[in-house]
Engineer: 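Pasting a structure here, questions to come.
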Amino acid sequence: MELRPYQAEAKYAVLSEWEAGRLRILLVLPTGCGKTIVFAKIAEAEVKAGRRVLILAHRGELLAQAADKIQTATGLCSAVEKAGSSCLGSWFRVVVGSVQTLQRPARLELFEPDYFGTIIIDEAHHAATDGYLRILEHFPAARVLGVTATPDRGDMKNLGTVFDSLAYEYPLPQAIREGYLCRILAQTIPLKLDLAGVALSNGDFAAGGLGDALEPYLEQIAAEMVRACAGRRTVVFLPLIRTSRKFRDILNAHGFSAAEVNGQSNHRAEILADFAAGRYNVLCNSMLLTEGWDCPAVDCVVILRPTRVRSLYSQMVGRGTRLSPETGKKDLLLLDFLWLSERHELCRPADLICTDRAVAARMTEQLAETGGPMELEEAAREAAADVVAQREESLARQLAEQRRKKGRLVDPLQYEMSIQAEDLAGYVPAFGWEAAPPTEKQKSALEKLGISPDGVESAGKAKLLLDRLAQRRDEGLSTPKQIRCLENYGFKNVGTWGFEDARRMIDRIAAGGWRGVPRGVDPARYRPEPTPGPGFDPIDW
């Protein structure tokens with residue numbers, strides 16, 4: 001089986017990382033981009049290098065899928081390490097293993113620590129759990145590859161504690177642009193669903209609370225689906241089995257041909273086959289189909305299980321991103337709703353392709369304002385343009401304010417020269433705290449007194465300046481603002497003037513309309529008689 005270009009790049013990147021000495025690495029490919037084929041080819045390379053390979057997964061469907069794809073892509077057969085089946089004694093060099101089985105201490109003790117040279121973890125966003133970690137610790141020298149559609153985890157455990165690096169990532173927008181996944185249309189349905197009372201469990205919304213909050217809206221949702229996705233092959237994700245069954249019945253009452261599957265379904269395989277064959281046009285499920293199920297004909301996904309977990313959201317959307325030209329599929333329609341949740345940030349369509357939170361927020365607003373379906377990339381471009389324009393406008397205002405503020409402030413070096421303060425100009429910090437940057441409080445105080453803090457490099461220098469400013473105020477000497485004003489008109493060493501002398505000259509300039517210095521005054525040579533004294537208020541200057 002020939003790999004696609006990005007798949008070949010991914011394989012090369014993984015093997016290169018291992019050769020460079022980074023043993024635990026991640027590979028991120030969107031759902032539908034053939035991650036199983038990629039790690040099958042990697043497993044083949046590892047077997048050829050003389051290593052025994054363990055494929056780890058947390059569900060039986062994923063193990064069966066991995067074994068099938070490995071045999072199809074490479075011709076290699078797999079032994080099984082699950083429940084009563086053991087790979088020990090098998091001559092197969094590839095093993096598909098259940099985490100639930102292999103994590104048991106009694107099972108692990110049967111294996112030497114070097115038994116597996118390579119471990120590949122499918123759906124690696126689960127890898128930060130205790131079971132996976134126990135297995136990895138038992139085989140400390142093994143090369144480890146985690147494969148996932150997205151590295152996020154709902155319980156916020158950091159996969160960086162498990163993996164050393166990200167070997168390769170193929171972004172969803174790139175996969176769509178290059179024609180390996182279908183384009184995605186997102187549509188926000190103007191139906192407000194209140195989640196304010198739903199509690200959290202393990203970092204995400206509790207399924208029971210979601211079911212209770214959702215049920216009053218099911219009739220309205222079905223009516224909206226009649227308008228939005230009639231004629232499409234639709235998968236609906238719901239939080240509970242009872243909610244899924246109830247919604248199936250409501251959809252059938254609205255004219256759909258809907259079926260429902262769950263972990264307790266006796267005829268699950270038959271129902272899934274009938275849906276794939278087109279005998280049903282809607283398939284409801286209670287989070288059963290997020291992993292290990294492929295039906296390329298799906299061209300509409302309705303997520304009625306809101307989540308804060310991007311990996312889970314991506315898995316649900318990924319059920320509809322595969323290409324299916326033989327069924328006439330042109331795109332995937334993703335239906336979103338106006339979930340009301342002030343306390344918690346939900347995953348929305350924008351989160352599939354936006355890494356900038358401001359762009360994602362603007363895109364979500366735009367989708368709600370538009371009402372109709374919008375292509376994700378187009379919506380993201382428009383949102384990004386809006387955010388850039390807003391940021392540029394904000395930056396322009398900030399720069400103008402900074403210029404205005406700096407125009408009123410005196411550079412500290414200019415101030416030191418003007419007041420002829422050699423001790424300030426030659427200051428060198430002596431203690432550790434003095435060498436630290438100025439505090440925000442010091443900067444604010446300097447600005448208030450007319451000194452630009454930008455040129456003040458240390459907390460000790462800031463303190464010395466503030467002390468000198470207080471001393472000069474007490475002595476009735478000119479203020480930084482007076483110095484700035486008069487030196488702009490060409491007067492020299494205004495820092496040596498008294499406050500009243502500076503004020504009188506400024507008053508004379510103001511009386512002339514600020515057009516220049518008074519007649520007969522040479523600013524370069526002018527020296528007033530010093531008249532310092534208490535009782536003045538320098539804040540105006």
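Every heavy atom of this structure was used, including side-chain atoms; hydrogens, water molecules and symmetry mates were not. Just so we're clear, the structure is a prediction, and the values are computed from it rather than from any experiment. Numbers here simply count residues along the sequence, with the first being 1.
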Engineer: Any carboxylate oxygen within less than 4.0 angstrom of a Lys/Arg side-chain nitrogen, looking at Asp331 and Arg183?
Structural biologist: yes

Engineer: Show, in sequence, the C-alpha distance, side-chain angles and deciding distance for Lys41 and Glu44, and conclude whether the salt bridge (Lys or Arg N to Asp or Glu O under 4.0 Å) test is met.
Structural biologist: CA-CA 5 Å; Lys41 286 295 189 179; Glu44 179 185 37; 3.7 Å; yes

Engineer: Passes salt bridge (Lys or Arg N to Asp or Glu O under 4.0 Å), Glu123 versus Lys35? Steps please.
Structural biologist: CA-CA 10 Å; Glu123 307 297 350; Lys35 61 183 174 61; 3.3 Å; yes

Engineer: Say you draw a straight line from CG of Asp249 to CZ of Phe256; how long is it, rounded to the nearest 0.5 Å?
Structural biologist: 14.0 Å

Engineer: Below 4.0 angstrom, N of the basic side chain to O of the carboxylate: do Asp356 and Arg362 qualify?
Structural biologist: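 Result for this pair is no, no salt bridge flagged.
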
Engineer: Just how far is it from atom CG of Leu210 to atom CG of Leu195, taken to the nearest 0.5 Å?
Structural biologist: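 The CG atom of Leu210 sits 6.5 Å away from the CG atom of Leu195.
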
Engineer: Under 3.5 Å, side chain of Arg233 to main-chain N/O of Cys295, donor-acceptor pair present?
Structural biologist: no

Engineer: With the side chain counted from C-beta on, respond yes when Thr188 and Leu338 share a heavy-atom pair under 4.5 Å apart, and no when they do not.
Structural biologist: yes

Engineer: Does any donor atom in the side chain of Glu17 or Ser165 lie under 3.5 Å from an acceptor atom in the other side chain?
Structural biologist: yes

Engineer: Side chains of Thr307 and Asp204: any donor to acceptor distance under 3.5 Å?
Structural biologist: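 A donor-acceptor contact under 3.5 Å links the two side chains.
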
Engineer: Would you call the rings of His58 and His126 parallel, tilted or perpendicular, taking 30° and 60° as the class edges?
Structural biologist: tilted

Engineer: With a 4.0 Å cut-off, would you call Asp122 and Arg59 a salt bridge?
Structural biologist: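 No, no charged N to carboxylate O under 4.0 Å.
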
Engineer: Is Ser257 reaching over with its side chain to a backbone N or O of Arg279, donor-acceptor style, under 3.5 angstrom?
Structural biologist: yes

Engineer: With no hydrogens and no angle check, is any side-chain donor or acceptor of Arg319 less than 3.5 Å from a backbone partner on Val235?
Structural biologist: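 The answer is no, because no donor-acceptor pair under 3.5 Å joins these two groups.
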
Engineer: Between Asp299 and Lys330, does at least one N-O distance fall below 4.0 Å, as a salt bridge requires?
Structural biologist: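 Salt bridge: no.
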
Engineer: Please determine, by modelled atom types, if Gln366 and Asp386 share a side-chain donor-acceptor pair under 3.5 angstrom.
Structural biologist: yes

Engineer: Working to the nearest 0.5 angstrom, can you tell me the gap between Ile250 CD1 and Leu218 CG?
Structural biologist: 4.5 Å

Engineer: Charged N to carboxylate O below 4.0 Å: is that the case for Asp164 and Arg22?
Structural biologist: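 Arg22 and Asp164: not salt-bridged.
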
Engineer: Please confirm whether the backbone N or O of Pro239 pairs with a side-chain atom of Thr243, one donor and one acceptor, at under 3.5 Å?
Structural biologist: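 No, Thr243 side chain to Pro239 backbone: no donor-acceptor pair under 3.5 Å.
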
Engineer: Passes side chain to side chain contact (heavy atoms under 4.5 Å, CB included), Ile189 versus Asp336? Steps please.
Structural biologist: CA-CA 6 Å; Ile189 303 298; Asp336 188 33; over 6 Å; no

Engineer: Within the 3.5 Å criterion, strictly below it, is a donor on Gln264 or Arg268 matched to an acceptor on the partner's side chain?
Structural biologist: no

Engineer: Would you mind checking if Arg242 and Glu260 are paired as a salt bridge, meaning a charged N to carboxylate O distance below 4.0 Å?
Structural biologist: no

Engineer: Using a distance-only test with no angle check, is there a side-chain donor-acceptor pair under 3.5 angstrom linking Ser324 and Thr327?
Structural biologist: yes

Engineer: Between Glu224 and Gln220, is any side-chain donor less than 3.5 angstrom from a side-chain acceptor?
Structural biologist: no

Engineer: Is the closest side-chain heavy-atom distance between Leu29 and Thr148 below 4.5 Å?
Structural biologist: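 Leu29 does not reach Thr148 side chain to side chain.
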
Engineer: For the backbone of Pro296 and the side chain of Lys329, can you confirm whether one donor and one acceptor N or O come within less than 3.5 Å of each other?
Structural biologist: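 Yes.
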
Engineer: Below 4.5 Å, heavy atoms only, C-beta onward: do Leu283 and Trp293 meet side chain to side chain?
Structural biologist: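 Counting from C-beta outward, Leu283 and Trp293 do come under 4.5 Å.
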
Engineer: Can you tell me how far the CD1 atom of Ile25 sits from the CZ atom of Phe163, to the nearest 0.5 Å?
Structural biologist: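 Those atoms lie 9.5 Å apart.
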
Engineer: Contact between Tyr180 and Tyr6 at the side-chain level, heavy atoms closer than 4.5 Å - yes or no?
Structural biologist: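 Yes. Closest side-chain heavy atoms under 4.5 Å.
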
Engineer: Under 3.5 Å, side chain of Ser444 to main-chain N/O of Lys441, donor-acceptor pair present?
Structural biologist: no

Engineer: Between the side chains of Gln7 and Tyr168, is a donor N or O closer than 3.5 angstrom to an acceptor N or O?
Structural biologist: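 Side-chain D/A pair, Gln7 to Tyr168: absent.
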
Engineer: Give the C-alpha distance, both sets of side-chain angles, the deciding distance and a yes or no for side chain to side chain contact (heavy atoms under 4.5 Å, CB included) between Ile221 and Leu304.
Structural biologist: CA-CA 9 Å; Ile221 294 171; Leu304 297 181; 3.7 Å; yes

Engineer: Looking only at heavy atoms, which two atoms of Val99 and Gly131 are closest? And how far apart?
Structural biologist: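 Heavy atoms only, the tightest pair is CG1-C, 4.2 Å.
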
Engineer: Do Val298 and Thr234 have side chains that get closer than 4.5 Å, going by heavy atoms?
Structural biologist: no

Engineer: NZ of Lys82: more than 12 outside heavy atoms within 6.0 angstrom?
Structural biologist: no

Engineer: Looking at side-chain heavy atoms only, is the closest gap between Leu181 and Cys33 below 4.5 Å?
Structural biologist: yes

Engineer: Using atom types as modelled and distance alone, determine if a side-chain donor or acceptor of Gln442 lies under 3.5 Å from a backbone N or O of Thr439.
Structural biologist: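 Yes; judged by distance alone, with no hydrogens or angles, the pair exists.
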
Engineer: Could you tell me whether the side chain of Thr74 and the main chain of Leu76 form a donor-acceptor pair under 3.5 Å?
Structural biologist: yes

Engineer: Would a 4.5 Å heavy-atom cut-off, applied to side chains only, mark Thr290 and Leu312 as touching?
Structural biologist: yes

Engineer: Using 4.0 Å as the upper bound for N to carboxylate O, is an ion pair formed by Glu378 and Arg381?
Structural biologist: no

Engineer: Do the side chain of Thr321 and the main chain of Gly318 share a donor and acceptor less than 3.5 angstrom apart?
Structural biologist: yes

Engineer: Any carboxylate oxygen within less than 4.0 angstrom of a Lys/Arg side-chain nitrogen, looking at Glu377 and Arg177?
Structural biologist: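 Salt bridge flag = yes for Arg177 with Glu377.
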
Engineer: Mind checking whether Met363 and Met374 have side chains closer than 4.5 Å, heavy atoms only?
Structural biologist: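 Answer no - side chains too far apart.
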
Engineer: Rounded to the nearest 0.5 Å, how far apart are CZ of Arg310 and CD of Gln315?
Structural biologist: 11.5 Å

Engineer: Using atom types as modelled and distance alone, determine if a side-chain donor or acceptor of Arg248 lies under 3.5 Å from a backbone N or O of Ala258.
Structural biologist: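 Judged by distance alone, no pair lies under 3.5 Å.
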
Engineer: Could you give the distance from CZ (Phe247) to CG (Asn252), rounded to the nearest 0.5 Å?
Structural biologist: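 One finds 10.5 Å between CZ of Phe247 and CG of Asn252.
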
Engineer: Are the aromatic ring centres of Tyr280 and Phe275 under 6.0 angstrom apart?
Structural biologist: no

